Amino acid sequence: MTSKCLTGHSLGYGFVNFVNPSDAERAISTLNGLRLQSKTIKVSFARPSSDAIKDANLYISGLPRTLSQQDVEDMFSHYGRIINSRVLVDQASGLSRGVAFIRFDKRAEADDAVKHLNGHTPPGSAEPITVKFAANPNQARNSQMMSQMYHGQSRRFGGPVHHQAQRFRFSPMSTDHMSGGGGASGSSSSGWCIFIYNLGQEADEAMLWQMFGPFGAVLNVKVIRDFNTNKCKGFGFVTMANYEEAAMAIHSLNGYRLGDKVLQVSFKTSKGHK
């Protein structure tokens, strides 16, 4: 079974049940690491859910741009078994953005890595790295917020939600969302533009401010509406000031189920919507 969002697009993972355990083992040994089109697939036994393995995903920033994914894995593998890892790269140059995500087998291993590596300065670097647990949109607090946003569209929010660093500087009630900013391509000077697809018809700017505000400084939001009905056409844009915060928001919210919709969240490309 391949998991798909409501648009019919694959979410990038699936499950296969075998009757014979030996057949499953042979499939893993044959297919794990196979290059399929532009992807290298990972095949392994599915793990039953438990508290010991939940929330073991780490967000790392400030990495030297010269470190490869294998270098990052080598640094973190001392603290436990790594299930998967990803170093974010610039699409144009192919160079590292200095940001990575690592998922450990167990929460305790991830916790150990945070304790030992957060604030650590890698060899050859002048600056320490930041290692913290990646935001999880499925946690009770965030799920409750999302649910309230989806079911309470008639209500308007009185002001922005402030996240821990208090860097959410702009109020959705005082910005002209229908002009400028929302469709600009991301850059270090104008902010990083994020494209959100598969929004419901009742989605509005306040919803986007509430969704992305906890991740960092939001400069602008824009919901694209139908000219005749003024309903959301299913997509919108959010511009964030900081690349790492934008990357964290994308990593956390892409694939998130909001009401009966599964969101697709990514950096806006230069050929995207205007």
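The shown structure was predicted, so the numbers you read here are calculated from the model rather than taken from an experiment.
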Decide yes or no for [X] and [Y]: does some side-chain heavy atom of the first lie under 4.5 Å from some side-chain heavy atom of the second?
X    : Y    : value
R225 : K231 : no
V265 : F212 : yes
F104 : I82  : yes
V238 : M211 : no
Q201 : T229 : no
K132 : M248 : yes
F195 : F237 : yes
H120 : V131 : no

Charged N-O contact under 4.0 Å between K222 and E205 = no
query = If you measure from the Lys or Arg side-chain nitrogens to the Asp or Glu carboxylate oxygens, is any gap between D23 and R26 under 4.0 Å?
reply = yes
ask   = Any chance the side chains of D71 and S68 put a donor and an acceptor closer than 3.5 Å?
value = yes
Which heavy atom of [X] sits nearest to which heavy atom of [Y], and what is that distance?
X    : Y    : answer
I129 : P122 : CG2-CG, 3.7 Å
L199 : C232 : CB-SG, 3.9 Å
L117 : M75  : CD1-O, 4.0 Å
L58  : A110 : CD1-O, 3.8 Å
V223 : L208 : CG2-CD1, 3.7 Å
L67  : S96  : O-CB, 4.3 Å

ask   = Between R103 (side chain) and N84 (backbone), is there a donor-acceptor pair under 3.5 Å?
value = no
request  = Identify which one of H251, R86, E244 satisfies the side chain to side chain contact (heavy atoms under 4.5 Å, CB included) criterion when paired with V99.
outcome  = E244
Value rounded to 0.5 Å, distance of [atom1] in [X] from [atom2] in [Y]:
X    : Y    : atom1 : atom2 : value
S61  : E127 : OG    : CD    : 11.5 Å
I194 : I250 : CD1   : CD1   : 4.5 Å
N57  : S85  : CG    : OG    : 10.5 Å
I60  : I102 : CD1   : CD1   : 4.5 Å
K261 : I196 : NZ    : CD1   : 15.0 Å

For the hydrophobic clusters of this structure (ILVMFWY residues joined by side-chain heavy atoms under 4.5 Å, transitively), does one cluster hold both [X] and [Y]?
X    : Y    : answer
Y256 : W209 : yes
F133 : F76  : yes
Y79  : I83  : no

message = Show, in sequence, the C-alpha distance, side-chain angles and deciding distance for K42 and N32, and conclude whether the side-chain contact (heavy atoms from CB on, under 4.5 Å) test is met.
response = CA-CA 5 Å; K42 177 180 176 62; N32 185 42; 3.8 Å; yes
query = What orientation do F101 and Y59 show, parallel under 30°, tilted 30 to 60°, or perpendicular over 60°?
reply = tilted
query = Just wondering, more than 12 heavy atoms not from Q70 lying within 6.0 Å of its CD?
reply = yes
